[in-house]
Every structure is written in structure tokens, then in C-alpha cells.
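What follows is a short report on a single structure.
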Amino acid sequence: MTKLLEIEGLQTHFFTRDGVAKAVDGVSLSLDRGEILGLVGESGSGKSVTGFSILGLVDPPGRVVGGRIVFDGADLVAGGERMMRGLRGRRIAMIFQDPMMTLNPVLRIDTQMIETVRAHADVSRAAARERAREALVRVGISSPDERLESYPHQFSGGMRQRVAIAIALLHEPDLIIADEPTTALDVTIQAQILSEVQTLCAEAGTALIWITHDLAVVSGLADRLAVMYAGRIIEAGPTAGIIARPAHPYTKGLIESVPQGKRHGTLLKQIGGMTPSLLHLPRGCKFAPRCPRADAACDPEPPLAEIAAGRGVRCVHPHLEAEESAAS
Amino acid sequence: MTEPLLEIDDVSKRFTTELDIAERMARRLGADLAPKTVHAVDRVNLAIRPGEVMGLVGESGCGKSTLGRMVAGLLSPSDGRIRYRGREIGTLDGAEARDAALKIQMVFQDPMSSLNPRLRVRDIVGEAPRVHRIVPRREVAAYAEEMLAQVGLDAATSKRYPHQFSGGQRARIGIARALAVKPDFLVCDESVAALDVSIQAQVLNLFVRLREEFDLTYLFISHDLGVVEHISDRIAVMYLGRLVELGQAEDLLARPNHPYTQALVAEIPTFSTEKKVYSAIKGEIPSPLKPPPGCHFHPRCPHAHERCRVEVPALKEVAPGRLSACHLNDAA
Amino acid sequence: MTDSIASDLEPVGTPAPARVDHPAKRVAKQFVEDPVAVVGLVLFLLVALVALLAPVLAPQNPYDLAQLDIMDGGLPPGEASFGTGMTYWLGTDTQGRDMVSAIMYGLRISLFVATVSLGLAITIGTVVGVTAAYFGGRIDSLIMRIVDLQLSFPAILIALILLALLGRGVDKVVLALVIVQWAYYARTVRGSAIVERRKDYIDAARCLALSDRRIMFRHLLPNCVPPLIVVATVQIAQAIALEATLSFLGVGVPITEPSLGLLIANGYDYLLSGRYWISLFPGIALVVTIIAINLVGDRLRDVLNPRLSS
């Protein structure tokens with residue numbers, strides 16, 4: 001079976017007043033049907049721009065300048081806006097951090113959902129309404145009939161995000177791209193949404209790209225992880241492997257810098273320095289200036305090399321298993 | 001037990017949206033309109049000892065920021081008193097009031113909007129020390145650079161404007177500004193929430209170091225129990241304006257008493273190498289405009305019974321040094 | 001979605017560029033990207049220069065009666081003087097006044113009245129607006145009701161009534177313009193100050209026990225300047241036009257110090273008899289000035305709009 005999504009050497013650059021910001025520079029990843037991929041990175045890593053590029057939603061001064069995005073056998077970059085319009089909302093859906101990007105504040109929920117259904121499916125209004133109702137039930141909204149007749153502002157933040165998810169699910173898409181959908185929500189609400197998304201994707205066999213800065217949250221959700229830094233993927237592979245034995249010094253630093261209870265009162269391990277500006281990237285490995293392991297070998301920049309099955313690392317001095325066991 | 005440095009004594013804060021002229025007229029004509037009142041903070045008692053880090057957790061709308069702003073003197077309580085070293089905040093005059101105000105400083109959440117974009121960093125840090133004559137005028141520039149160095153910023157950056165710094169650096173500038181007036185007490189309101197994970201660790205470490213170096217006491221407010229637990233000695237948990245649990249940090253995480261705290265503890269993000277089953281507490285956070293009667297948490301509580309729907313549970317000692325507001329403790 | 005892309009790109013942290021780019025420099029850089037605006041700016045500077053240097057540049061002092069020759073009255077453009085032989089490039093009025101000189105002096109008065117009233121109105125409006133926004137509550141309501149009341153009457157009506165009561169005079173026109181204009185600035189400043197007031201840096205300043213006056217004028221005010229500049233460019237054009245209207249209607253500046261508006265009024269009677277130049281050329285000068293200012297203002301609005309430049 002072919003992959004559902006294959007991205008090869010994607011480059012999305014922003015042509016700003018101060019120079020070219022290479023927000024995404026040579027990203028390759030692939031996704032099977034029904035798979036959940038966690039795309040992790042900090043601000044400026046290019047994770048969101050990657051998501052927007054797949055959907056063809058990069059606005060000027062940004063532009064996809066290179067690479068291929070092959071969705072179910074069709075190249076989206078070559079297909080252009082026309083092809084994208086046919087897929088967006090029907091086969092590929094997006095959930096944003098702010099649900100109000102999906103919801104129109106002046107329209108009732110039922111109007112919006114019925115329109116979305118009928119945009120891609122030739123069904124009657126009544127049938128469309130029924131589908132909308134079912135979608136709301138699926139995302140755990142009680143009294144869906146009443147909710148259908150409400151306006152977005154009458155909902156809480158968590159409820160709005162659920163409606164946005166329900167809208168994304170209307171056409172049972174093959175792929176959902178979720179950009180930090182729970183970041184703005186409270187922890188107890190975040191857990192509800194995560195559990196529902198997990199069940200829904202499993203039931204419908206929907207593939208999911210979950211874009212987030214929070215490695216901990218996505219570790220309980222994703223099958224595979226891809227960690228981005230400065231527009232590149234620096235580590236990718238099955239979740240369990242990366243969390244248990246991060247190979248790239250950046251991934252390792254990220255995991256260690258999350259307060260995890262047991263080390264109360266002590267100093268956290270921290271990654272020194274700061275995220276480089278996309279306009280002034282360092283030579284060679286982009287993480288080298290902050291990396292404790294960096295030396296002369298880190299320039300030129302290493303490629304994403306396979307260190308185990310399905311496990312890639314872009315590093316000259318990765319933390320390898322053998323070395324770990326030798327040290328302990 | 002030592003005398004508390006800061007005492008929050010039965011403090012409430014209500015916000016009332018008054019009706020405008022048109023609404024008042026409509027009301028005279030019989031419309032169903034009334035001024036809306038939010039009980040942002042509802043009779044909270046808390047005593048913070050010198051040198052202690054008190055963590056304050058809760059979700060949005062629970063009143064934790066309002067409480068922090070009252071402590072920092074930015075809001076005044078509707079009821080109750082806040083005492084700093086035994087003297088009530090806001091009752092002093094003149095130079096005394098100013099000195100007392102300077103002793104409690106605040107570090108804000110948004111590293112951008114908390115810095116005046118039109119001022120150079122050295123003026124942001126140096127203004128208050130100059131105006132209040134904390135250092136002689138001629139030494140202000142050097143003093144500001146020294147403060148910046150304390151938080152890990154190069155003195156060479158002192159002529160720049162806030163927009164020329166990254167988020168983490170801006171957070172540091174905000175801390176330097178607070179330190180520059182020689183405070184004893186810092187209210188940190190979500191001070192690391194807006195930062196990237198790797199930067200957040202740097203700033204948390206900075207807080208830990210500064211506390212030792214300057215003998216500071218913190219009220220550390222955050223929605224992230226993981227972060228709060230890391231830095232705090234004791235933790236207070238708020239839900240819809242009320243304090244629901246208080247205890248030693250490690251103990252509270254190990255044995256949460258209140259069902260709400262239990263839910264929060266369960267949702268601390270942890271790294272898992274396999275798929276996690278999220279067992280969330282049900283329901284939405286109610287609007288603070290219409291909090292449920294009785295225990296505010298009862299509509300979402302798996303153990304709620306009849307009494308919870310009617311009677312507000314009192315905050316009682318359930319173990320040494322541990323307070324919790326839950327009726328379940330009476331049944332046992 | 002531009003928002004989240006922007007935020008994804010934004011926190012550029014590395015040793016920020018060593019040069020300190022002052023906000024004003026950035027604005028200047030962006031301003032010159034629009035050639036039309038640059039033309040407007042050049043025109044305006046030219047007009048301002050002419051007004052400023054009128055006594056030096058003008059061929060004659062049009063209000064020194066000794067320099068006028070009644071024999072030269074009503075000459076069309078390009079004719080030479082009967083007495084001195086000097087060429088009247090834009091003709092003369094009925095009293096033999098060189099129109100080039102008259103326009104230069106008229107510009108001088110028009111711009112003087114407009115800028116002085118602008119300065120006073122901005123000062124009053126800013127203080128009032130910042131005070132209203134900073135203190136809020138009753139003070140704010142009271143001030144804003146007065147502003148609303150003031151803005152609900154047409155400016156020309158208020159100015160006409162005032163001048164009818166006060167009489168003619170440059171100082172009185174200035175006073176009338178200040179009275180009709182301060183409310184615009186008060187409202188503009190209050191609008192942006194209310195937004196800024198809610199930001200944390202104001203709370204931080206309060207935490208640092210800085211005085212209200214210091215917070216209002218050193219922290220709040222400088223952050224409300226961009227919209228103020230935009231309103232000021234619109235208003236200065238308005239002030240020039242309003243002054244011209246008042247003078248045209250005969251309630252503005254006195255005949256001894258004629259502004260462009262009064263020049264137009266003076267020539268108005270002769271328009272139908274074919275001596276178009278007495279009104280037309282001052283009119284063109286007025287239009288050019290106002291257009292130049294508006295071009296500059298439009299561009300400034302684009303450049304200073306925080307939503308367009310990030």
C-alpha cells in the first residue's frame with residue numbers, strides 16, 4: 001500500500017523586508033493511513049508553516065519554493081490552488097489553535113455546518129443537518145439540537161474547539177492537520193479533547209498530524225514523532241523510541257527541560273542559548289551553537305541519517321544506545 | 001512558626017458591570033436586566049512565610065491572577081485585608097506607601113506587552129531606581145546594566161528596544177525591572193507560560209537562583225501544576241474563586257485530597273512511551289458569572305452527593321499542614 | 001492564519017542586529033517606498049518653504065501700499081508692470097498687487113494659522129484624552145460626553161458662531177480652530193490610550209510606584225502617537241480648508257493679513273468679468289497644499305498602522 005502523504009524536500013520561504021526567512025527548508029516526512037504523527041517544535045521551528053504548506057494556505061510573502069507534497073498519489077504543489085480547493089475540507093481538514101478561525105461569529109452553528117456538508121456533498125438540507133447533528137454527538141457535545149441553533153460566542157473555548165473538530169470530521173477526511181488545538185485550553189478540557197480525538201481517529205481510520213510545542217502531551221497520542229528545529233526535521237521515528245532514548249541533543253534537552261515532579265527544588269537541565277533567527281541561521285548544524293556536543297565536525301550540516309529502522313537523526317554526535325549502556 | 005511575610009485575610013474581589021444609561025432605562029420599563037457581578041475571588045485566606053515559594057494553581061477564570069494583582073497592589077480587595085509584614089497594604093501614605101509598594105513586585109505573563117516598546121531596556125530597568133533615588137543618578141546606567149547581568153543579559157544590550165529581544169530575553173528584562181527596586185516579594189503571574197519549553201527551563205532556573213541570592217519570597221501563579229510543583233514549597237489550588245486545597249508541594253502531588261486537585265494531578269503532562277488513555281473529568285468549567293451552588297466543583301465531581309449541591313464545604317485541616325475544602329473528608 | 005505563521009516566525013532571538021533601528025527610521029524607510037507619497041512630501045515641503053521664506057522670495061511686499069501701483073490693477077498673467085517693468089507672472093488684482101507675491105504671503109498666513117491651532121489643539125486634546133483613558137470611570141464619562149457634544153456639531157457652524165461673537169483677527173481664528181479641533185485629538189488619543197492602558201507595562205509602572213503623571217505622559221502617551229500623527233495630517237488639511245472657508249465668508253482673518261481664502265474671496269467678484277486669475281491661482285495653491293498634505297497623511301496611515309506593519 002502506498003503512503004497517504006509523502007512530503008519530499010519541502011521548502012517554504014518567506015520573502016520579508018529584511019531578507020528571506022527559510023521557515024521550512026527541506027522537510028521530508030510520510031504518513032500512513034490512520035497514523036498519528038506528532039510534529040513537535042518550538043516557535044520559529046517551522047512546524048506550523050509545514051502544516052499550512054500541506055493545505056496550500058501559505059500567504060504572501062511566504063511561498064512554497066521547492067519540494068513535493070504527494071497526497072494519495074497526487075502532487076499538491078504541482079496541482080495548485082484548484083486541486084487544493086477540491087481536497088481541503090473534504091479529504092484534508094484542518095483544526096486551528098483558535099477555533100474562531102474555522103467558525104464564523106455571525107452565523108449559527110447549524111448554518112455553518114450545513115454549508116460545509118453541502119459544499120462537497122450533494123445532499124438535502126435535512127440530511128446535511130442530520131450529519132451535522134451526528135458530528136456534534138461524536139465529539140461529545142450534549143444536547144446537540146440546542147447547540148446547533150446557537151452562535152459561536154455562546155460557547156466556551158473548549159466547546160468551540162469541539163465544534164471546530166466536529167466540522168473537520170464532517171466529511172470523514174483521510175487526513176486532519178491539527179495546529180496546537182489544545183494549547184489555549186485548560187488542562188482538564190485539554191484532556192477531554194485529546195481523548196476524543198484519539199477515539200475518533202481510531203474509529204474512522206483518519207490520519208492525523210498533531211502540531212505542537214508540547215512533547216509531553218503528544219507523546220501519549222502519537223504513533224510517530226518528528227521534531228523540528230530551525231525549519232528542519234532533526235529527529236524522527238516511533239514515539240516510544242524517541243521518548244525513551246532521544247538521540248539528538250536537542251530532543252534530549254527538550255525532554256529534560258520539562259519539570260517532571262521528582263526533581264523538586266533543584267535546577268532543571270536547560271538548553272542554553274536561544275532559538276536562532278531564521279534570517280541569520282548559523283553555518284553547518286543549526287543547533288550547534290547551543291549544543292554541548294558540538295565540534296568542528298558539525299559543519300557542514302549533517303543529513304537526516306537512519307540510525308535504526310524508521311528512526312532518523314540529523315546529528316554527527318547522536319546519543320546512541322550503545323553509548324548509553326556503556327556509560328551506565 | 002515564623003511570622004508570615006504576607007497575609008491574605010478573608011479577601012474577596014467582586015467585579016460589577018454597571019448598566020449603562022440605555023440599560024437602566026430599559027430596566028425601569030421592566031426589562032430583565034441587572035448589574036452583573038463576578039465573584040472573582042471569594043473569601044480566600046493564605047499566609048506566606050518569609051523565603052517561601054507559594055504556588056497558586058487553577059484554570060482560567062479561577063481568580064488566581066486577580067488575587068495576585070491584589071497582592072501586588074494593582075487592585076484593591078472588595079472585602080478583607082492583605083497585610084505585608086503585619087501592615088495592611090493600601091492604608092499607608094506618602095513615602096511609607098511607596099516603600100511598601102516597592103517591596104512587592106510583579107513579573108508578568110506576556111513578555112512583550114509588559115515592556116514599554118518605546119523605552120530602551122536600560123530605561124525600563126533604570127527608571128524606577130532613578131525616580132525613587134534608590135541609586136544616585138550618575139550610577140543608574142551602571143546599576144541597570146548590573147541588574148541585566150544578574151538575569152543573564154549582556155550589558156551591551158542595554159541600549160536596545162524590547163522588540164529586538166526574543167521572548168525569553170524579554171522575560172528576563174521583566175525580572176530585572178522588578179529586581180531593580182530591591183523587592184522582598186515577587187508575584188509571578190504565569191511568568192513562564194508564554195515561553196518555549198527550552199526557554200521556560202532557563203527562566204525557571206533563574207527564578208530558583210535569584211530566590212537564593214536575593215532572599216526572595218514568591219507567589220508563583222500558574223495553570224501548569226508541573227511547573228508550580230517544580231518551584232514551590234507549598235501549593236494552593238483555586239477553583240472558581242475559592243481556595244480548595246493547600247499543602248506541601250510534594251505531599252499534595254503525591255496524595256491530592258480534593259477531587260479537583262486529583263484531576264489536575266492526573267493531567268500533568270508526562271512523557272509516555274505508549275499511547276495514553278486520557279480519563280478526563282467531565283464537563284465544562286462553569287462561567288464565573290453563574291457559579292453552581294454549594295461546592296463549585298460538584299457538577300464535574302465524580303463523588304458529588306446531595307450535600308455538595310447545597311452546602312459550601314469549609315477549608316479544613318485534613319492532615320498536618322494540609323487544608324482541603326471537600327465534604328468527603330467529613331464522611332470518613 | 002497569517003497570525004500563527006507570523007508568530008511562528010517571530011521570536012527571532014539570536015544576537016539581535018547590533019544596529020539600533022529607531023522606530024522613526026523604520027517608518028521613514030517604508031514611507032519612501034511609495035513614490036506618490038514622496039511627491040506629496042516634496043510638494044508640501046516646497047509649499048512650506050515658500051510660506052516660510054515669503055518675505056525673501058516674493059518680488060514685492062503686497063501689503064506695503066507704497067510698492068503698489070494702481071495703474072497695474074487687473075493685469076492678466078504674464079503682463080509687465082507699467083511702472084517698474086517687472087513681469088506679473090500670475091497677473092495682478094484690482095489694486096495692482098502681484099498675485100505671485102500675494103499667494104506667497106497668503107500661504108504664509110494660512111499655514112501659520114493652521115499649524116499654531118494644530119499645536120494648541122493637539123496639546124489640549126492629548127492631555128484631556130490621556131487623562132480620561134488613564135483614570136477611567138466618571139472622569140472619563142464626563143470628558144467623553146463633552147467631546148461627543150462638541151463633535152456632534154459641524155465644525156464650520158461652531159467656528160462661524162464663535163467668530164461672529166469674537167470678531168475678526170488672526171488670533172481669533174486660531175482660537176476658533178483650536179476649539180473646534182481639540183475634541184478630535186482627545187477622542188483619538190483616548191481611544192488608543194485605553195488599549196494601551198490595559199497592557200501590562202502600565203501595571204508594571206504602577207507596581208514600581210511611579211507617579212500617575214509620569215505614567216500618563218512618559219509611558220502611556222508615547223505609545224499613542226502613531227494614530228495621533230495620522231489624525232493630525234488629516235486635521236491640518238481640514239484646518240487650512242476651514243480657515244480658508246471662514247476667511248472667504250468674511251469672518252476670518254482681517255483684510256490687512258489676507259490668507260489664501262481671503263484672496264479667493266477678493267477675486268470672486270471679478271470671476272465673471274473674465275479676470276479669473278485673481279481667484280484661480282490662490283485656489284490652485286490651496287488645493288495643491290491640501291492634496292500634498294493628504295498624500296503624506298495617507299501614506300503615514302499605512303506605514304503607522306500596526307496591523308499592516310508588524
Side-chain angles (χ1 to χ4, degrees), chain B residues 18 20-21 69 72-75 95 97-120 123-125 127-129 131-132 134 154 156-157 159-170 174 177-178 180-181 183 186-187 189 194-196 199, chain C residues 6-27 136-138 140-142 144-145 148 192-193 195-226 228 304 306 309-310:
Chain B
E18 296 289 346
D20 64 22
I21 294 178
R69 275 165 192 266
L74 293 173
L75 292 171
R98 191 199 66 197
D99 291 341
L102 291 181
K103 286 296 166 199
I104 305 179
Q105 286 302 312
M106 188 149 172
V107 179
F108 296 85
Q109 166 172 15
D110 182 345
M112 192 64 215
S113 83
S114 63
L115 302 178
N116 186 341
R118 304 265 161 189
L119 292 185
R120 290 174 195 272
D123 295 322
I124 290 176
V125 176
E127 183 182 20
V131 172
H132 298 310
I134 291 172
D154 191 351
T157 61
K159 284 183 194 154
R160 295 194 191 146
Y161 290 92
H163 72 92
Q164 294 173 300
F165 292 87
S166 69
Q169 290 173 317
R170 288 179 200 147
R177 172 178 59 192
V181 296
L186 285 191
V187 178
D189 186 10
L195 304 176
D196 275 321
I199 307 299
Chain C
S7 70
D8 208 34
L9 281 174
E10 191 254 338
V12 286
T14 24
R19 72 201 150 83
V20 178
D21 224 4
H22 194 271
K25 199 168 154 194
R26 181 187 58 83
V27 167
R138 278 171 201 280
D140 185 31
S141 308
L142 182 72
M144 290 327 284
R145 285 305 83 75
D148 286 346
S192 44
V195 175
E196 293 295 322
R197 171 75 181 80
R198 292 199 198 103
K199 293 195 179 163
D200 284 342
Y201 71 87
I202 298 296
D203 279 338
R206 291 176 57 211
C207 256
L208 294 167
L210 301 178
S211 66
D212 287 335
R213 215 182 54 196
R214 178 170 272 272
I215 298 176
M216 275 159 63
F217 294 108
R218 201 170 137 79
H219 291 259
L220 203 47
L221 181 58
N223 287 293
C224 305
V225 165
L228 196 60
L304 294 173
S309 69
S310 68

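Just so it is clear, the structure is predicted and the values come from calculations on it, not from any experiment. We use all heavy atoms of the structure for the numbers below, so side chains are in, but hydrogens, waters and symmetry mates are not. Naming convention: chains lettered A, B, ... in sequence-line order (proteins, then strands); numbering from 1 in each chain.
Closest approach of C:Arg206 to B:Leu74, counting heavy atoms only: NH2-O, 3.2 Å. Contact record, C:Cys207 with B:Gln105: O-NE2, 3.0 Å, taken as the closest heavy-atom pair. When every heavy atom of B:Ser114 is checked against every heavy atom of C:Ala204, the shortest pair comes out as O-CB, 4.3 Å. Closest approach of C:Leu208 to B:Ala128, counting heavy atoms only: CB-CB, 3.8 Å.
Between chain B and the residues C:Ser141, C:Ala205, C:Ala209, the most heavy-atom pairs under 4.5 angstrom are made by C:Ala209. Between chain B and the residues C:Arg214, C:Arg198, C:Glu196, the most heavy-atom pairs under 4.5 angstrom are made by C:Arg214.
Considering CG of B:Asn116 and NZ of C:Lys199, their distance stands at 9.5 Å, rounded to 0.5 Å.
Under the side chain to side chain donor-acceptor pair (under 3.5 Å) criterion, B:Arg98 pairs with no residue, sequence neighbours left out.
Listed for the C:His219 side chain is no donor-acceptor partner under 3.5 Å among the backbone atoms of B:Arg118.
Considering B:Pro162, B:Pro117, B:Ser113 as possible partners of C:Tyr201, the one that fulfils the side-chain contact (heavy atoms from CB on, under 4.5 Å) test is B:Pro117.
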| message | Is there a side-chain contact (heavy atoms from CB on, under 4.5 Å) between B:Glu127 and C:Leu210? Walk through the geometry before answering. | response | CA-CA 9 Å; B:Glu127 183 182 20; C:Leu210 301 178; 3.6 Å; yes
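Ion pairing of B:Arg69 with C:Asp200 is present here, as a side-chain N (NZ or NE/NH1/NH2) and a carboxylate O approach within less than 4.0 Å.
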